[in-house]
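In what follows, chains are A, B, ... by sequence order, proteins preceding strands, each numbered from 1. Hydrogens, waters and symmetry mates play no part in the numbers below; they use all other heavy atoms, side chains included. As the structure is a computational prediction, the values presented were derived from the model and not from experiment.
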Protein chains: 2
Amino acid sequence: MDDRRIPEATVARLPRYLQVLLDAAEAGTTTLSSEDLATAAGLTSAKVRKDLSFLGSHGTRGVGYRVPQLADEISVALGLTVDRPLVIVGIGNLGRALASYDGFNRRGFRVVGLLDADPAKVGTEVAGLDVESVEHLETIVAERGVGLAVIATPAPHAQSLADRLVAAGIGALLNFAPTHLVVPDPVALRTVDLSTELQILSFYEQGVTGMDAAAG
Amino acid sequence: MDDRRIPEATVARLPRYLQVLLDAAEAGTTTLSSEDLATAAGLTSAKVRKDLSFLGSHGTRGVGYRVPQLADEISVALGLTVDRPLVIVGIGNLGRALASYDGFNRRGFRVVGLLDADPAKVGTEVAGLDVESVEHLETIVAERGVGLAVIATPAPHAQSLADRLVAAGIGALLNFAPTHLVVPDPVALRTVDLSTELQILSFYEQGVTGMDAAAG
DNA sequence: CGTTGTGAAGGAGTTCACAGCA
DNA sequence: TGCTGTGAACTCCTTCACAACG
């Protein structure tokens with residue numbers, strides 16, 4: 001039953017499995033049990049088996065999963081076997097860091113455009129690419145077959161840029177602006193808010209530090 | 001019943017509410033209904049009410065929530081009313097960006113140390129701070145009362161740094177290295193893997209782009 | 001024999017719907 | 001009258017436990 005219905009929680013874990021499998025492959029390991037995978041990924045073996053069962057993947061009972069084969073299956077499921085050109089909009093501190101970031105130029109991903117609204121930045125070189133004017137966004141997306149965009153602008157500009165990107169035909173958005181974006185239905189959106197992450201940690205840190213000799 | 005047992009999912013949304021409330025306060029709004037909050041945060045009103053009920057917060061029936069009061073309550077719950085010195089370990093592209101990042105120097109957070117293992121980087125100035133040697137990690141954490149650390153190093157160094165940070169007394173870790181870290185029980189850990197985010201989007205983008213005139 | 005694949009049970013989070021109160 | 005606060009139903013995810021099988 002190739003159901004194409006993989007639960008969200010499972011999809012979010014597939015990259016982790018892939019990571020472990022690629023590391024194992026590099027180390028020359030040919031087989032991993034669900035228990036091995038679970039240990040390396042910080043999960044339980046039951047969760048691993050259930051997740052992988054959604055891929056229609058078949059391990060071998062008594063043995064485990066064949067590393068290169070499973071890595072391929074996950075890559076295919078995630079769509080990492082095709083070229084995925086992406087643009088980064090907003091070349092501030094974060095945008096610059098992302099442009100040079102390893103993970104943004106691997107696994108099929110390829111940064112093909114850096115856009116900014118500031119004329120002083122346009123024309124400067126960042127990570128081997130010339131920064132271009134955001135005015136040309138629509139042309140760039142269309143001509144370079146861009147399907148994925150990263151928004152790293154200040155919050156006030158994020159929504160209108162998202163609208164333009166969607167209208168230009170983008171299929172997925174990774175948003176780093178600390179604001180809630182609205183996109184139409186088939187477009188995928190994920191927001192990473194660094195300040196939010198800190199605040200969540202702050203909550204859980206309460207009671208951990210600062211009270212030496214607690215429960216004395 | 002001030003239960004102190006706030007569900008994880010709720011905690012993860014509190015920063016968003018706070019964001020909306022602070023924006024509203026700045027705009028001079030004094031009252032917001034759960035419906036207003038839901039719209040601004042991209043949620044449902046029932047979820048907002050249930051979340052806020054965990055704070056023991058009381059809105060006013062027929063009216064809504066008082067903006068400044070609720071903002072204060074959330075700030076207190078998240079522990080944002082006390083000073084939270086933090087260090088960033090690993091001053092590469094990402095570490096540099098985070099050091100200058102707004103959200104890392106607000107809401108009680110304060111970057112008080114930038115550490116790196118590379119002698120060439122030590123002594124250089126980044127975002128108004130001198131980069132220090134990671135050898136002094138333990139001293140810095142202890143002397144500056146650091147409770148929170150950000151790891152922005154390559155994956156292979158992350159675990160041993162986490163161990164040292166925990167031993168030095170840190171209470172919470174924000175990890176940007178693409179690897180699974182293990183920390184002992186009371187220490188809070190969140191991992192943000194940018195490459196993982198892209199891969200998840202890649203999955204959901206499949207079928208959205210590239211097939212013009214689908215279901216024709 | 002050891003490990004997978006999976007029904008069934010359990011738990012967490014969300015949504016519903018409405019009683020209760022300003 | 002309008003909006004909050006919340007039990008109850010529902011959905012999604014995780015964990016358990018074991019039969020199936022190489």
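As a whole-Å value, the separation of A:Asp51 CG from D:dC13 C1' is 10 Å. Atom CD1 in B:Ile6 sits roughly 16 Å away from atom C1' in C:dA12 (whole-Å rounding). The distance from atom CZ of A:Arg49 to atom C1' of C:dG2 is 11 Å, rounded to the nearest whole Å. Rounded to an integer number of Å, the gap from CZ of A:Arg5 to C1' of D:dT11 is 14 Å.
With hydrogens and angles left out, the side-chain atoms of B:Arg107 and A:Ser195 include no donor and acceptor closer than 3.5 Å. Looking only at atom types and distance, the side chain of A:Ser33 has a donor-acceptor partner in the side chain of A:Asp36 under 3.5 Å away.
Applying the 3.5 Å distance criterion, the base of C:dG2 shares no donor-acceptor pair with the side chain of A:Arg61.
Comparing C:dC16, C:dG13, D:dC16 against the side chain of B:Ala46 picks out C:dC16 as the nearest.
Side-chain N/O atoms of B:Lys50 include none lying less than 4.0 angstrom from OP1 or OP2 on D:dT6. Side-chain nitrogen and oxygen atoms of B:Tyr65 include none within less than 4.0 Å of the OP1 or OP2 phosphate oxygen of C:dA22. For C:dG5, one of the phosphate oxygens OP1 or OP2 lies less than 4.0 angstrom from a side-chain nitrogen or oxygen of A:His58. For D:dT14, the OP1/OP2 oxygens have a side-chain nitrogen or oxygen of A:Arg13 closer than 4.0 Å. Taking only side-chain nitrogens and oxygens, B:Ser34 never comes nearer than 4.0 Å to OP1 or OP2 of D:dC3.
Nucleic acid contact for B:Thr44: sugar-phosphate only, since backbone atoms but no base atoms lie under 4.0 Å from a heavy atom of the residue.
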- Query: Is there a side-chain contact (heavy atoms from CB on, under 4.5 Å) between B:Thr196 and A:Arg16 once you walk through the steps?
  - Reply: CA-CA 7 Å; B:Thr196 291; A:Arg16 253 207 274 187; 5.5 Å; no
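Taking CG from A:Asp51 and CZ from A:Arg13, the interatomic distance works out to 4.0 Å, rounded to the nearest 0.5 Å.
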